[in-house]
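Written below as C-alpha cells is the structure these notes are about.
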Amino acid sequence: MEKFVRLDGLVAPLDRANVDTDQIIPKQFLKSIKRTGFGPNLFDEWRYLDEGFPGQDNSQRPLNDDFVLNLPRYQGASILLTRRNFGCGSSREHAPWALMDFGFRAIIAPSFADIFYNNCFKNGLLPIVLSEDNVEALFKAVVGKEGFRITIDLENQQVIPEEGEPLAFEIDEFRKHCLLNGLDEIGLTMNEADTIRAYEQRRAEQEPWIFQ
Amino acid sequence: MAGKTLYDKLWNAHLVTEREDGSALIYIDRQIIHEVTSPQAFEGLRLAGRQPWRTSASVATIDHNVPTTPFKSAAEIKDETSRIQVQTLQENTKEFGITEFGIGDVRQGIVHVMAPEQGAVVPGMTVVCGDSHTSTNGALACLAHGIGTSEVEHVLATQTLVAKKMKNMRVSVEGDLGPGVTAKDVVLHIIGVIGTAGGTGYALEFAGSAIRSLSMEGRMTVCNMSIEAGARAGMVAVDDVTIDYVKGRPFAPKGADWDKAVEYWRGLVSDNDAVFDEDITIDAADIRPQVSWGTSPEMVISVDANLPDPDAETDDVKRSGMQRAYEYMGLTPGMPVTDIKVDRVFIGSCTNSRIEDLRAAAEVAKGRRKADSVKQVLVVPGSGLVKQQAEKEGLDKIFVEAGFEWREPGCSMCLAMNPDRLEPGEHCASTSNRNFEGRQGNGGRTHLVSPAMAAAAAVAGHFVDIRELEQA
C-alpha cells in the first residue's frame, strides 16, 4: 500500500449527500479482474452524456460540462470535498480504486458509510470526517476561490486550509500507523499466526461443527 | 454488570486478540465468495505466494453477472467480461481447493440465498462476503457483514479480520402486522424511520413480536436491508424458527454435534438486562405496504400516501436531495403513489427471491394477466433449488400464464450486470434493495416493493394497494 504522510492538494467540491457506490463506479465496470484502470469511469453517469461501457475510448465520449469534476478549475484535484454518508451502498472496493486511479488521495465529508470508509484505508486513500459546519465552511471557501488548496497532515491529524484555522480530525491509531508506514495488513496479521491457531483449537473443542 | 447483547456475545466468541491501539482480530467462520469481488483477492494471494488459511471455511458460487437465460457452459456467456469473471472464479476455486457451486449445479444461486439454504451458515458464526447484503445471514443469529476485496484476501490468507467493535442498536417491531404487510414492508418502513445512515456504526438487532412472528425467510429479507439503513450487520436472536430452519441442511451439524450445537445456539439471544446504545420501538400497526419513490432507500412511503413535498423539509441537504430525486424520477410532489405507472417489474434478488417470495407473487398473479402497458415482468428465483421447488408447486406455470417471464437463478436486474436491465426513463416495480440512480440500468427508475406489491403492479400497470386487491 502507498504511504500517506502529508498531502497538499487542490480541492474539488461535490455538493451531494448520500453519494452511493453505484454513482462512484457503475456496475458495468466491475467486470474487470484488475485493481487499476477505473479512473476514467469514476462518476461515469455524471461525467459523460452517453452511457459508458467497459473497453470504450473514454477520450472520445461527450462530457457533461456542468459536472463539477469536468470544470477546468478543478482539474488535477487530489482532495474531494463532499456531503454526508458518502460511499453508501455496495461493498465494492472498486469505489476507492476508482477514486485513487482518478487522482484523489483524500476525501473530506461529515460522514461516510462504514464499508466504504474501511475500504479506503486498505488502499492508502484517507477519508476524513469533519463536522457539518466545518464542511459547509470549506465548501464556501473552495467554491469562492479558484485554486483553493488544503494541506492534510496525518501525523498531527490536521486539515489545514490555505485560509482559516487548521481543523483537527479523528482517526484510529492502527489505521493511522498503517497509512503512515504503508503497511501490508495481511503481513502484520500473519505475525500473529500462532495466536490464531491457538484460538482455533479452543473453538474446535466448543464448536467442532465449525471446522468440519 | 449489565447483560450482553447478541452482538456482544458473537463478538466475544470470535475475538482472537485485542491490540493496544483498540483494534482487534476477529475470527471468521465462513466466507462466501462470488465472481465479482474475488478475482483481485486471489490474484493478491498468488502475487504474495500465500495459501488460503482454511479452505473448508469458504464456499463459492456465481451470481452477479450470470445470464438468467439457460446456459450450459461459460463459453455460452455472450458478454466477454462477464465470461472472464465466471471462468476466473472456476480457475481460482480449483487452484486453491475451494468448493464452488458453478454452472449447471442445482445449488448455484445468489450467495445469500445459497449459503443459508445449504446450511453453510448456522447460528453463532461470523460470516463475510465481498457483498454488502451479507447482512442477510444475520437472520440466523450470526455476525454477518460485507467486506471489500482487500478484506476478502485478508480472510483467505489469515481467516481473520482486523475490526473494531460496533455499537449496539435494537429495533423492536411490536404488535401484529396488518394484512398485506410483509417483511419487506417492515424493513422499508424501518429505513424510512431511521434513515439511510441511521444505522452507520451500529450492529442492528431486529426484535419484538412482529419480527419473531416472521419466518426465517422473512427475517432474511429484513436483515438483508440493514445496509440500506447504514448498518453493516443486522441480526435476529435464535428461537425455534431458527433451529427448525437449520435442521437437516447439508452443511448443518449432525448427530451428537447437532444436540451440542442446539444447546449452544439457544444462548444466542440478548440478555434481558442488556444495554443498547440505541433502542427504537416501532408499532407494527403503523406499517402499511411500502413503495420507494426516490433515489435513496429512505425515500419511501405507504402505498396509500401522496408523494412528499420537498419544501416542507427543513434540512437543506435533505431537501436538495429530494429535489434531485424528483428530477431524476420524473415525478411530481403531491401525486398519489398509485398514479405511478410501471414499465417493467422485477421479482428476485437476495432480498426477495426465496420460495415464500415467489409464492406471494404467484398468489397475486394467479388467474390474472400482466397489463399490456407493462413491457416485461421478470421472475428470477434465488437459486437452482428455489427454482426446482417453485416448479414442483407449479408456480412457474402461474407466472407464464400471467405473461411473466420465468428465468434462471442469479442477481439479474437488481444491479443489471447481466443483460436484464431498464432502459432510460423506465419505471420498475422491483423487489430488490436499492433504488439508486442507474442501479437497474442507465437512467432507470426503481421503486422498491414487496413481491406481492410487485406482482400487483404488473397486473394493474401502476402501483396498487395490495390490501384493496385482496378484497377484490
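All chains are named by letter (A, B, ...) in the order of the sequence lines, taking the proteins before the strands, and each is independently numbered beginning at 1. What you see is a predicted model, and the numbers here were worked out from it, not measured in a lab.
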Proximal component of [X], with respect to chain A [non-hydrogen, under 4.5 Å]:
X        : result
B/Thr149 : both
B/Asp79  : side chain
B/Arg54  : side chain
B/Trp258 : neither
B/His14  : both
B/Thr160 : side chain
B/Leu25  : side chain
B/Asp315 : side chain
B/Gln440 : backbone

Considering only heavy atoms and a distance below 4.5 Å, find which of [options] pairs most often with chain B.
options                              : result
A/Asn118, A/Asp20, A/Thr21, A/Asp172 : A/Asp20
A/Glu200, A/Arg202, A/Glu207         : A/Glu200
A/Glu93, A/Lys31, A/Gln23            : A/Lys31
A/Ser32, A/Gly89, A/Gly52            : A/Gly89
A/Asp44, A/Asp22, A/Asp184           : A/Asp22
A/Asn119, A/Thr195, A/Ile196         : A/Ile196

Answer yes or no for [X] and [Y]: cation-pi contact, defined as NZ/CZ to six-membered ring centre under 6.0 Å and angle to ring axis within 45°.
X       : Y        : result
A/Arg83 : A/Phe139 : yes
B/Arg19 : A/Phe174 : yes
A/Arg16 : A/Trp46  : yes
A/Arg61 : A/Tyr48  : yes

Heavy-atom pairs under 4.5 Å with chain A are the metric here; pick the option from [options] that has the most.
options                                : value
B/Glu151, B/Glu43, B/Glu80             : B/Glu151
B/Pro297, B/Gly321, B/Gly230, B/Ala261 : B/Ala261
B/Ala57, B/Pro424, B/Ala13, B/Ser38    : B/Ala13
B/Gly438, B/Gly443, B/Ala252           : B/Gly438
B/Lys164, B/Glu298, B/Arg50            : B/Arg50
B/Ser296, B/Gly44, B/Ser320, B/Ala197  : B/Ala197

Original post:
Given A/Asn181 and A/Lys176, is the side-chain contact (heavy atoms from CB on, under 4.5 Å) satisfied, shown in steps?
Top reply: CA-CA 8 Å; A/Asn181 299 290; A/Lys176 179 177 169 181; over 6 Å; no
Original post:
Cut-off 3.5 Å, side chains only: do B/Thr200 and A/Asp114 have a donor facing an acceptor?
Top reply: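 Side-chain D/A pair, B/Thr200 to A/Asp114: absent.
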Part of [X] within contact of chain B (heavy atom distance under 4.5 Å):
X        : answer
A/Phe211 : both
A/Lys122 : both
A/Ala193 : both
A/Arg84  : side chain
A/His94  : side chain
A/Glu51  : both
A/Asp15  : backbone
A/Glu192 : side chain

Subject >> B/Asn65 to B/Gln85 - nearest heavy-atom pair and separation >> reply: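 So the minimum-distance heavy-atom pair works out to ND2-OE1, 2.7 Å.
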Original post:
Quick one: are the ring centres of B/His112 and B/His133 less than 6.0 Å apart?
Top reply: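 Ring centres of B/His133 and B/His112 not closer than 6.0 Å.
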Original post:
In terms of ring plane angle, is the pair A/Tyr117 and A/Phe121 parallel, tilted or perpendicular, where the classes change at 30° and 60°?
Top reply: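 Judged by the thresholds at 30° and 60°, the geometry between A/Tyr117 and A/Phe121 is perpendicular.
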Original post:
In terms of ring plane angle, is the pair A/Phe43 and A/Phe86 parallel, tilted or perpendicular, where the classes change at 30° and 60°?
Top reply: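 A/Phe43 and A/Phe86: perpendicular rings.
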**OP:** Answer whether the closest heavy-atom distance between the side chains of A/Ile25 and A/Trp97 falls below 4.5 Å.
**Re:**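 With C-beta onward as the side chain, the pair stays apart.
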Original post:
Do B/Val152 and B/Val128 touch side chain to side chain, with heavy atoms closer than 4.5 Å?
Top reply: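 They are not in side-chain contact.
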